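Below is one structure; the comments refer to it alone.
Given the structure is predicted, the values throughout are model-derived calculations rather than measurements. Proteins come first, then strands; the chains are lettered A, B, ... in the order of their sequence lines, and each starts at number 1. For the numbers below, each heavy atom of this structure counts, side chains included, while hydrogens, waters and symmetry mates do not.
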Amino acid sequence: DAGVIQSPRHEVTEMGQEVTLRCKPISGHNSLFWYRQTMMRGLELLIYFNNNVPIDDSGMPEDRFSAKMPNASFSTLKIQPSEPRDSAVYFCASSTGGPQPQHFGDGTRLSIL
Amino acid sequence: QKEVEQNSGPLSVPEGAIASLNCTYSDRGSQSFFWYRQYSGKSPELIMFIYSNGDKEDGRFTAQLNKASQYVSLLIRDSQPSDSATYLCAVMPLRNNNDMRFGAGTRLTVKP
C-alpha cells in the first residue's frame, strides 16, 4: 500500500520566495496533519484537517503560512514570503481519525537562504 | 510543565540488553499513547500504540501504561544496533482526539 507521499523531498530557495509543499495522504484516511520539526523545537503540529476541513490551525506560526486541502487526496502548505527561520523539515501525516495512529510521509527538508 | 516529557538521553545500552524508555504526560484525561521511532534524517515510524492500563507486547517491544501515574514506557528486549534511533512518545489528550502531542524524544544507542 502506498504511504503518505510528500513533494518535493528537498527545497532550497532564497528568502522572500514563495514555497509550496505538497502532500497526498493514504487512501481512505480522512485526517491530515502538517508538522514542522527542528532541533530546537522538536516536532510541532501546524494544522490539521478532518474530511478536508481545517480544524485547528493554532500551530501555524504566522500569516505567512497557509494550508489548503481541496480534496481528500491532496493538501498544500504554502509559505509566502519565506524567511531563513522557516528552515526545517516539514512532515505530512494522515490517519483514519479519532484515537488512531498517524502515519508520516518522508518529509520535505526546506532550506531558506 | 511540558505536556509530554522524555529524557533526551542519550541512552546507551549494550547489544542484547533491555532498553527502557520513559515518558510522562500532564493531561490526566489522555486516552491514547504512541511510540514512534525516528532514524536520523528519516520520518517518524509508528512502533506501538496503547490505550489501556497495563502492558502490550509486540515482538521485542513492550509498551507499558500507568494512567494513575501518568506514565508510559517502552521496553526493547534483546536490543540490536539497528534499534539505535530517537524514540518519540506521543499522547492524544481526551479533549481532542486528533491533536497528538509529541515529546522531544530520547536518543538510544545500542553498542555492539
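If you chain together hydrophobic residues whose side chains sit under 4.5 Å apart, A/Phe91 and A/Ile79 never meet in one group. No chain of hydrophobic side-chain contacts below 4.5 Å, direct or via other Ile, Leu, Val, Met, Phe, Trp or Tyr residues, connects A/Ile47 to A/Val4. Connection of B/Val72 to B/Leu11 is established within a shared hydrophobic cluster, with ILVMFWY side chains joined at heavy-atom distances below 4.5 Å, either directly or through further cluster members. Cluster annotation: B/Met100 and A/Met69 are assigned to distinct hydrophobic clusters (Ile/Leu/Val/Met/Phe/Trp/Tyr, side-chain heavy-atom contacts under 4.5 Å, transitive). Hydrophobic clustering (side-chain heavy atoms under 4.5 Å, transitive across Ile, Leu, Val, Met, Phe, Trp, Tyr) keeps A/Val89 apart from A/Leu77.
The environment of A/Asn71 atom CG is dense: over 12 non-hydrogen atoms of other residues, nucleotides or ligands sit within 6.0 angstrom. No more than 12 heavy atoms of other residues, nucleotides or ligands sit less than 6.0 Å from atom CZ of B/Arg107. Annotation: A/Glu14, atom CD; neighbour count of heavy atoms from other residues, nucleotides and ligands within 6.0 Å does not exceed 12. Residue-environment remark: NZ (A/Lys78) stays at or below the threshold of 12 foreign heavy atoms within 6.0 Å.
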When the side chains of residues 83-90 of chain B are checked against the rest of the protein, which donor-acceptor pairs come out under 3.5 Å, sequence neighbours left out?
from    : atom 1 : to       : atom 2 : distance (Å)
B/Asp83 : OD1    : B/Arg60  : NH2    : 2.9
B/Asp83 : OD2    : B/Arg60  : NH1    : 2.9
B/Asp83 : OD2    : B/Arg60  : NH2    : 3.3
B/Asp83 : OD2    : B/Gln80  : N      : 2.8
B/Ser84 : OG     : B/Pro81  : O      : 2.9
B/Ser84 : OG     : B/Val110 : N      : 2.9
B/Tyr87 : OH     : B/Asp83  : O      : 2.6

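Scanning residues 105-113 of chain A against chain B with a 4.5 Å heavy-atom cutoff picks out A/Gly105, A/Asp106, A/Arg109, ordered by number. Scanning residues 15-45 of chain A against chain B with a 4.5 Å heavy-atom cutoff picks out A/Ser31, A/Phe33, A/Tyr35, A/Gln37, A/Leu43, A/Leu45, ordered by number.
At least one donor-acceptor pair closer than 3.5 Å links the side chain of B/Tyr36 to the backbone N or O of A/Gln102.
Distance check: A/Gln100 CD to B/Met92 CE gives 8.0 Å after rounding to the nearest 0.5 Å.
Residues A/Pro101 and B/Phe34 approach most closely at CA-CE2, 3.5 Å, considering heavy atoms. Residues A/Phe104 and B/Pro44 come closest through the heavy atom pair CB-O, 3.6 Å.
Counting only residues at least two apart or on different chains, the ring pair (Phe, Tyr, Trp, His ring centres under 6.0 Å) pairs with a member in residues 39-63 of chain B are B/Phe49-B/Tyr51.
When heavy atoms are compared at a cutoff of 4.5 Å, B/Gln38 approaches chain A solely by way of its side chain, counted from C-beta outward.
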